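Please see the structure below; I have some questions.
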Amino acid sequence: APIMSTRKALCRGRTLSLTLILACVAFVGIIIAQSFYHSINDPHQNHNHVTQNHTHHSHDNNNLSSTNTAATCLRITSALNVTAWPGVIYHKDMNTSNPMIYDSDFFSSVEEDDRHARLTIDQFNEMRSSVLTPHLINAGFQSGGGYPTRTFAKRLMQQTLMEKEPSRPLLIVVFGNSFTIGSNCGESSSQMDEDCAWPGRLAQRWEKIVGSTLLSPAKIKITWRMFQENAQSSLNIAQKLPAIIDEFRAKNVTPDAILLDNTITDRLISVNRPWFEAVVRVLVQSFPGTVIVSLEDAIPSFVNVTNANDRVKQFIRGLHQVQRQYGLTVVNIAKMVRLLHHKNENNTQLNPIDLLWPQSTHMSSFSGLKLDDLVTRQQGLDPVYWANFLPKVQKTKHAYNPQNHPPWPTHQYVADAVMYALLRVLQTGLGCNSDGDGEMMDPSLFSRPYYPETTVAPKEEIDACFICQSPLDQINAKSTCYTDKNITNFTNNTGKNNNAMPESKKDANNEVVVTCGDWKWTTDKRNRSGWQSDQFRSIIRFRLKVSNTPTILLTYMRSHELFGKLRVTFRPVTKGHQEEEPLGCEDVDNLHNETLIPSLILGGSIPKFSLWETAVFPFKLENHDVKSKDTWKLLNQTVLSRMTGDNDVEYVDVYVENPNEFGAQKRIKIQVLISC
């Protein structure tokens with residue numbers, strides 16, 4: 001158990017006691033309710049699914065009518081005909097914002113940009129049903145465990161049977177990297193990456209097929225939560241999981257589906273260490289009723305795996321073993337591309353044209369001239385196209401590595417494949433026979449929650465992939481310890497530090513201390529609590545207890561309009577030196593000098609939405625982990641390099657400064673700090 005100081009034990013002890021009492025009451029209530037429900041509705045279901053205790057519906061909604069379900073089974077069978085799905089609509093025809101914007105590196109006018117986009121969309125819609133056939137999309141699908149599929153189907157059906165608006169929408173979580181974000185994706189040069197990327201296209205498919213057609217007239221409420229970053233691998237997901245799981249628990253929600261799309265970056269990380277399996281084990285253990293969908297992308301080394309190097313073969317072999325071992329639902333895009341290319345027993349390539357995911361590592365001109373992927377369209381040169389790919393798609397974005405960052409038709413195909421997989425999950429979860437005649441399958445075919453004791457990788461290797469499920473220390477703005485808004489402040493009204501320490505020296509040892517400027521605790525109607533600053537040069541200090549192998553996580557708000565960047569640094573606190581004077585207003589100039597005080601700037605502005613972001617400062621930097629290079633460097637410079645063999649570092653002070661002097665984006669907001 002974490003060793004807490006007296007002040008932390010008192011503060012958190014009160015919260016813990018209340019939490020334990022409420023948890024016990026809730027647990028007893030859930031056991032009684034589940035026992036009653038299962039005794040009258042489904043005697044074959046297992047009763048141990050405790051993590052779903054946040055979901056409460058009326059008694060009438062728990063009885064899924066066989067008539068309603070049988071009718072739904074028939075509609076699902078009809079919806080699974082992907083060739084009948086509607087075609088792509090040009091994004092400007094759905095959203096007319098900024099219609100006159102275009103990128104002059106690729107087009108000479110907005111009219112040319114629009115003309116190319118509409119032509120490509122027309123070609124795509126004409127050939128789509130010939131490429132993404134029912135046979136092909138079914139070949140790329142692999143069903144997962146019975147219990148999560150049943151839970152997913154029940155949640156969706158319960159929403160359709162509720163007379164009132166559901167108390168909680170379905171929650172689908174997406175983990176991904178630059179491909180999932182939409183790098184290089186754009187029907188036109190003005191389309192936003194996230195609108196073009198497959199998760200955004202999947203959301204559109206869901207609304208049209210599930211929300212409007214499949215379960216009409218009911219509208220299925222759904223929330224999409226995106227955890228995706230450039231170069232993000234399962235290692236980076238593992239580092240963020242403590243904050244992510246804590247977020248869901250704080251909101252008392254459980255994801256209904258988790259989509260994992262990190263194979264492009266995992267091939268560099270998960271060969272040396274089984275980070276993907278480590279993440280899956282934690283997710284399955286934490287959310288046993290959640291459908292986990294694993295995507296295998298179609299980069300060339302995955303498609304032509306027989307010709308790949310031993311590292312890639314080892315990665316693919318391990319990926320498939322983990323998918324089977326943990327009962328994951330699989331969308332294998334690489335297999336689908338392989339089938340499009342090789343259609344006989346001798347593995348002879350019969351179709352050299354790329355139709356689903358481009359395999360060329362270069363671009364081309366309209367006439368077929370080979371071009372480097374760094375080339376843009378300059379005056380007098382032909383447009384730049386994806387080589388050997390149909391429909392003929394012109395490059396519209398400044399992103400490179402075309403095999404890793406394919407054009408928008410690939411994103412549409414991936415979105416459709418994932419949509420198909422979710423429909424199949426729904427079909428299986430409802431117990432529909434595969435022939436779709438409305439007959440129900442035996443409920444006993446749905447197993448209890450499954451968590452394998454054995455692992456694919458050696459157990460010692462899994463244990464070495466440390467994921468902090470029980471933080472040593474945590475400072476959370478939503479805790480009742482901080483919601484009274486009182487913060488120790490070492491700053492007087494002039495904005496300068498007091499000349500001396502506070503009269504009560506114990507104040508210097510508080511977890512949260514304002515040492516300069518306007519920091520304050522605040523919240524809003526959506527309960528987005530945090531410590532917030534709008535003033536340049538303002539500093540706040542958080543004190544975390546640390547282990548001898550510390551990893552520190554900082555969760556902050558990223559948003560648009562008002563939110564800007566933040567500066568972070570660390571200072572180790574050794575035993576017996578907890579009351580030293582903190583960094584204050586007179587230290588800001590030193591903070592801006594990397595030689596005097598190493599620090600790191602974190603970006604807080606995004607084009608739209610307001611989302612919590614977690615920065616991870618890891619104890620160890622793994623090979624190929626480019627995402628953590630800068631954060632590890634800061635922790636190493638300020639803390640790790642100063643930790644002796646006797647480990648006299650007891651705490652780490654985390655300083656956050658507001659460096660935003662000009663412009664409207666001056667706000668920063670901190671929610672959670674975690675020490676592992």
Side-chain angles (χ1 to χ4, degrees), residues 103 173-186 189 191-202 224-241 243-244 259-270 275-276 279 295-299 301-302 333 357-358 361 373-374 376 395-408 410-411 414 553-560 563-566 568 600-618 621-634:
D103 191 330
V173 176
V174 181
F175 290 97
N177 46 36
S178 55
F179 164 58
T180 318
I181 291 173
S183 295
N184 245 351
C185 187
S189 61
Q191 187 177 26
M192 300 295 293
D193 292 351
E194 61 267 26
D195 294 334
C196 183
W198 72 256
R201 294 176 181 273
L202 173 62
W224 301 85
R225 187 70 172 92
M226 307 296 182
F227 296 99
Q228 46 200 34
E229 290 184 76
N230 288 314
Q232 179 171 262
S233 68
S234 290
L235 164 62
N236 306 115
I237 296 173
Q239 294 168 336
K240 295 178 181 179
L241 273 184
I244 293 171
L259 314 181
L260 300 175
D261 187 11
N262 293 89
T263 52
I264 295 175
T265 40
D266 271 357
R267 79 190 194 279
L268 303 174
I269 297 291
S270 292
W275 283 107
F276 176 67
V279 167
L295 279 74
E296 182 177 334
D297 296 319
I299 59 175
S301 58
F302 293 173
I333 307 297
W357 187 304
T361 58
D373 65 339
L374 301 178
T376 60
K395 185 176 174 68
T396 60
K397 299 288 182 175
H398 290 272
Y400 313 118
N401 299 311
Q403 72 278 20
N404 293 352
H405 305 127
W408 71 260
T410 297
H411 285 266
V414 172
L553 296 85
L554 184 150
T555 300
Y556 62 98
M557 175 67 75
R558 298 190 70 191
S559 188
H560 53 104
F563 281 77
K565 55 192 176 182
L566 55 150
V568 180
L600 181 66
I601 293 289
L602 301 176
S605 177
I606 51 178
K608 58 182 180 179
F609 306 119
S610 297
L611 300 171
W612 293 111
E613 175 71 23
T614 297
V616 180
F617 301 85
L621 184 65
E622 298 281 350
N623 290 334
H624 303 291
D625 182 12
V626 296
K627 187 67 185 173
S628 303
K629 183 178 180 180
D630 292 337
T631 53
W632 173 84
K633 179 182 178 182
L634 177 63

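All values derive from a computational prediction rather than experimental measurement.
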- Query: Atom CG in N262, atom CZ in R267: separation rounded to 0.5 Å?
  - Reply: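 Reported value, rounded in 0.5 Å steps: 12.0 Å.
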
- Taking the side chain as every heavy atom from C-beta outward, state whether T265 and N236 have any pair of such atoms under 4.5 Å apart.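 The answer is no, as the side chains (C-beta and beyond) never meet within the 4.5 Å cut-off.
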
- Message: Can you list everything that forms a side-chain contact (heavy atoms from CB on, under 4.5 Å) with T396? Sequence neighbours excluded, please.
- Response: F107, S189

- Item | Separation between NE2 of H560 and OG of S605, rounded to the nearest 0.5 Å |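 Answer for the NE2-OG pair, H560 versus S605, is 9.0 Å.
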
- Item | OG on S628 to CD on Q239, rounded to 0.5 Å |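 The CD atom of Q239 sits 4.0 Å away from the OG atom of S628.
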
- Taking every non-hydrogen atom, the tightest pair across D261 and N177: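 For D261 and N177, the tightest heavy-atom pair comes out as O-ND2, 3.7 Å.
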
- Item | M226 to P199 - nearest heavy-atom pair and separation |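 It is CE-CB, 3.6 Å.
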
- Query: Residues in side chain to side chain donor-acceptor pair (under 3.5 Å) with T631, at least two apart?
  - Reply: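 Per chain and number, T631 pairs via side chain to side chain donor-acceptor pair (under 3.5 Å) with no residue.
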
- Partners of K633 by side-chain contact (heavy atoms from CB on, under 4.5 Å), sequence neighbours excluded?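 Only Q637 meet the side-chain contact (heavy atoms from CB on, under 4.5 Å) criterion with K633.
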
- How about W198 and L259: do any of their side-chain heavy atoms sit closer than 4.5 Å?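 A side-chain contact exists here, since the closest heavy-atom pair is under 4.5 Å.
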
- Message: Can a donor-acceptor pair be found, under 3.5 Å and without considering hydrogens, that links the side chain of E613 to the backbone of Y556?
- Response: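 Flag not set: sc E613 to bb Y556 has no pair under 3.5 Å.
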
- Query: For the atom pair CG (D193) and OG1 (T180), what is the distance rounded to the nearest 0.5 Å?
  - Reply: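 So the gap between those two atoms works out to 12.0 Å.
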
- Heavy-atom side-chain contact between C185 and H405 under 4.5 Å: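 The answer is no, as the side chains (C-beta and beyond) never meet within the 4.5 Å cut-off.
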
- Query: Would you say the side chain of P358 lies within less than 4.5 Å of the side chain of T410, judging by non-hydrogen atoms?
  - Reply: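 Counting from C-beta outward, T410 and P358 do come under 4.5 Å.
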
- Item | Main-chain N/O of A399 paired with N184 side-chain donor or acceptor, under 3.5 Å |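 Between the backbone of A399 and the side chain of N184 there is a qualifying donor-acceptor contact (under 3.5 Å).
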
- Item | Heavy-atom side-chain proximity of N230 to S183 below 4.5 angstrom |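 Yes - at least one pair of side-chain heavy atoms lies under 4.5 Å apart.
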
- At what distance, to the nearest 0.5 angstrom, does NZ of K629 lie from CG of L634? 14.5 Å

- Test item: I299 and F179 side chains (from C-beta on) under 4.5 Å apart, heavy atoms: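 I299 does not reach F179 side chain to side chain.
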
- Item | Rounded distance (nearest 0.5 Å) linking atom CG of L600 with atom NZ of K565 | 12.0 Å

- Query: Which atom pair, heavy atoms only, marks the closest approach of S234 to V279?
  - Reply: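 Heavy atoms only, the tightest pair is O-CG2, 3.3 Å.
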
- Query: Looking only at heavy atoms, what is the nearest atom pair of I264 and N404, with distance?
  - Reply: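 Residues I264 and N404, closest heavy atoms: CD1-O, 3.8 Å.
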
- Run the numbers on I244 and T614 for side chain to side chain contact (heavy atoms under 4.5 Å, CB included), then give the verdict. CA-CA 9 Å; I244 293 171; T614 297; 5.6 Å; no

- Item | For Q403 against T361, the heavy-atom pair lying closest together |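 Nearest heavy atoms, Q403 then T361: OE1-CA, 3.8 Å.
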
- D297 side chain reached by W357 side chain, heavy atoms, under 4.5 Å: yes

- Just say parallel, tilted or perpendicular for the rings of F227 and F175, cut-offs at 30° and 60°.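 Parallel, since the angle between the ring planes stays under 30°.
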
- Given D103, which of K397, H398, K395 fulfils the side chain to side chain contact (heavy atoms under 4.5 Å, CB included) condition? H398

